[in-house]
**Q** 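One structure follows; several queries about it will come next.
This chain uses plain numbering: 1 for the first residue, then up along the sequence.
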Amino acid sequence: MTTTIPLWDHAAPYAAKGHEDEMPHLTPFIVPGSESAVIVCPGGGYGFLADHEGAPIAEWLNRAGISAFVLKYRVAPHQHPAPMTDGQRAIRYVRAHAEQFGISSSKIAVLGFSAGGHLTATLGTLYDEGQADHEDWIERQSSRPDRVILCYPVITMESYGHAGSCENLLGADASKEQIQAYSAEQQVKADAPKRFSGIPAMTRQFQWRTACVTH
């Protein structure tokens, strides 16, 4: 039986009313001796999680000698910042337990498809160094991924993006500020992790912008 790892030992934060018992979790696919790990974020328009973009991808990574974790993050009726919080917690968890998994804490990538690609892009732009004085060891870890891999991603929440993903994540009445905050092409930092999207680019910011693919 495949083991799953709850991301919290208590109710996850930012839960939708009536869905407080839904627990995001990781499913590990560990390759002994692999120093690198990839956290896989399936797509599904923030309305569901596509099975074929989860375990089969982790198994493919295993065949390449890379450890993987499939992330079950929360989707509608949960809205922002629940999915991002789940993704950040997943990175922190894997980093905090890197020695246990036999991987390097500085070789943790995130890979996502479609809306999972948007989550991946968000994790690659909205990150922090952790809270050094937090009582929870996991929360002391950085949420910055070392690499991001974008597979036909939803990048923007603007009108030319994927409307269904935007509504599921931000709601039908999302403000301009929310749309901008969750449009990854507008949030690229100078120290953003290296990424692969399969789309040519001349500059870092242009790469994020050209990676905007409608679903």
Side-chain angles (χ1 to χ4, degrees), residues 2-28 39-51 53-55 58 69-97 108 110-131 133-145 148 153-155 157 161-184 187 215:
T2 303
T3 301
T4 59
I5 304 170
L7 292 180
W8 283 273
D9 57 9
H10 50 77
Y14 307 114
K17 187 175 181 179
H19 296 265
E20 292 85 357
D21 60 343
E22 294 183 16
M23 178 59 73
H25 64 253
L26 289 168
T27 302
I39 298 171
V40 179
C41 302
Y46 285 115
F48 67 98
L49 298 181
D51 289 340
E53 294 170 346
F69 299 82
V70 176
L71 173 61
K72 181 182 182 298
Y73 59 93
R74 288 169 292 171
V75 296
H78 302 281
Q79 294 185 331
H80 81 96
M84 182 183 72
T85 301
D86 296 346
Q88 290 179 333
R89 179 73 174 186
I91 295 170
R92 296 189 213 277
Y93 186 97
V94 174
R95 183 160 283 136
H97 295 85
I108 300 171
V110 184
L111 179 156
F113 299 85
S114 190
H118 178 267
L119 176 57
T120 297
T122 300
L123 296 172
T125 53
L126 303 179
Y127 46 81
D128 61 63
E129 292 304 313
Q131 302 176 54
D133 59 348
H134 202 286
E135 62 181 13
D136 183 351
W137 166 247
I138 296 172
E139 289 300 315
R140 299 179 192 178
Q141 309 302 312
S142 169
S143 67
R144 180 185 181 276
V148 295
V154 174
I155 290 295
M157 293 286 104
H162 183 235
S165 293
C166 182
E167 183 168 345
N168 283 333
L169 180 65
L170 302 179
D173 56 350
S175 68
K176 180 179 179 180
E177 290 73 22
Q178 288 174 325
I179 289 173
Q180 290 180 341
Y182 283 85
S183 292
Q187 303 300 327
H215 187 41

**Q** Hey, does the side chain of H78 reach the backbone of A15 with a donor-acceptor pair shorter than 3.5 angstrom?
**A** no
**Q** Could you tell me whether the side chain of V75 reaches within less than 4.5 Å of the side chain of L49, counting heavy atoms only?
**A**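 In short, these two side chains touch, coming nearer than 4.5 Å.
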**Q** Please report the interatomic distance CZ(F69) to OG1(T4), rounded to the nearest 0.5 Å.
**A** 13.0 Å
**Q** Find out whether L169 and H118 are in side-chain contact, i.e. whether some heavy atom of one side chain is under 4.5 Å from a heavy atom of the other.
**A** yes
**Q** Quick check for you: to the nearest 0.5 Å, what is the distance between I91 atom CD1 and Y127 atom OH?
**A** 11.0 Å
**Q** State the CD1-NE2 distance between I5 and H97, to the nearest 0.5 angstrom.
**A**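 Here the interatomic distance stands at 8.0 Å.
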**Q** Around atom CG of D51, are there more than 12 heavy atoms of other residues, nucleotides or ligands at under 6.0 Å?
**A**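 No, not enclosed.
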**Q** Measure across G124 and P145 and return the closest heavy-atom pair with its distance rounded to 0.1 Å.
**A**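 The answer is CA-CG, 4.1 Å.
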**Q** Looking at residues at least two apart in the chain, or sitting in another chain, which of them share a side chain to side chain contact (heavy atoms under 4.5 Å, CB included) with A90?
**A** L7, L26, I39, L71
**Q** Any donor-acceptor pair under 3.5 Å linking the side chain of H19 with the backbone of E22?
**A** no
**Q** Would you check if R74 and P83 make a side-chain contact, meaning some heavy-atom pair closer than 4.5 Å?
**A**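 No, too far: nothing below the 4.5 Å cut-off.
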**Q** Shortest non-hydrogen contact from Y46 to S165?
**A** CD1-O, 3.7 Å
**Q** Between OG1 of T85 and NE2 of H80, what distance do you get to the nearest 0.5 Å?
**A** 10.5 Å
**Q** Within this structure, what is the CD-CG distance for the pair Q178 and L170, rounded to the nearest 0.5 Å?
**A** 6.0 Å
**Q** Side chains of V94 and Q141: closer than 4.5 Å at any heavy-atom pair?
**A**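 Side-chain contact under 4.5 Å: no.
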**Q** Looking only at heavy atoms, what is the nearest atom pair of G43 and S114, with distance?
**A**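 That would be CA-CB, 4.3 Å.
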**Q** When you check the gap from the basic side-chain N to the acidic O, do R92 and D136 get nearer than 4.0 Å?
**A**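 No, R92 and D136 are not salt-bridged.
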**Q** With side chains defined as the heavy atoms from C-beta onward, is the minimum distance between Q88 and L123 less than 4.5 Å?
**A**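 Yes. Closest side-chain heavy atoms under 4.5 Å.
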**Q** Are the side chain of S142 and the backbone N or O of D128 linked by a donor-acceptor pair below 3.5 Å?
**A** yes
**Q** Measure from the side-chain N and O atoms of T120 to the backbone N and O of G112, and report whether any donor-acceptor pair falls under 3.5 Å.
**A** yes
**Q** How about W8 and D86: do any of their side-chain heavy atoms sit closer than 4.5 Å?
**A** yes
**Q** For the residue pair L119 and C41, what are the closest heavy atoms and their distance?
**A**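 Between these two residues, the closest heavy atoms are CD2-SG, 4.1 Å.
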**Q** Do the side chains of P42 and Y73 get nearer than 4.5 Å, heavy atoms only?
**A** yes
**Q** State, to 0.1 Å, how close A115 and V154 come at their nearest heavy-atom pair, and which atoms those are.
**A**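 Heavy-atom minimum between the residues: N-CG2, 4.0 Å.
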**Q** Looking at M157, is its backbone amide N or carbonyl O close enough to the side chain of Q180 to form a donor-acceptor pair, meaning the two atoms are under 3.5 Å apart?
**A**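 No.
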**Q** If you compare all heavy atoms of A58 against all heavy atoms of V70, which two are closest, and at what distance to 0.1 Å?
**A** CB-CG2, 3.8 Å
**Q** Report the distance from atom CG of N168 to atom CD of Q79, rounding to the nearest 0.5 Å.
**A** 8.0 Å
**Q** Looking at side-chain heavy atoms only, is the closest gap between E139 and R89 below 4.5 Å?
**A**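 Yes; the side chains approach each other to less than 4.5 Å.
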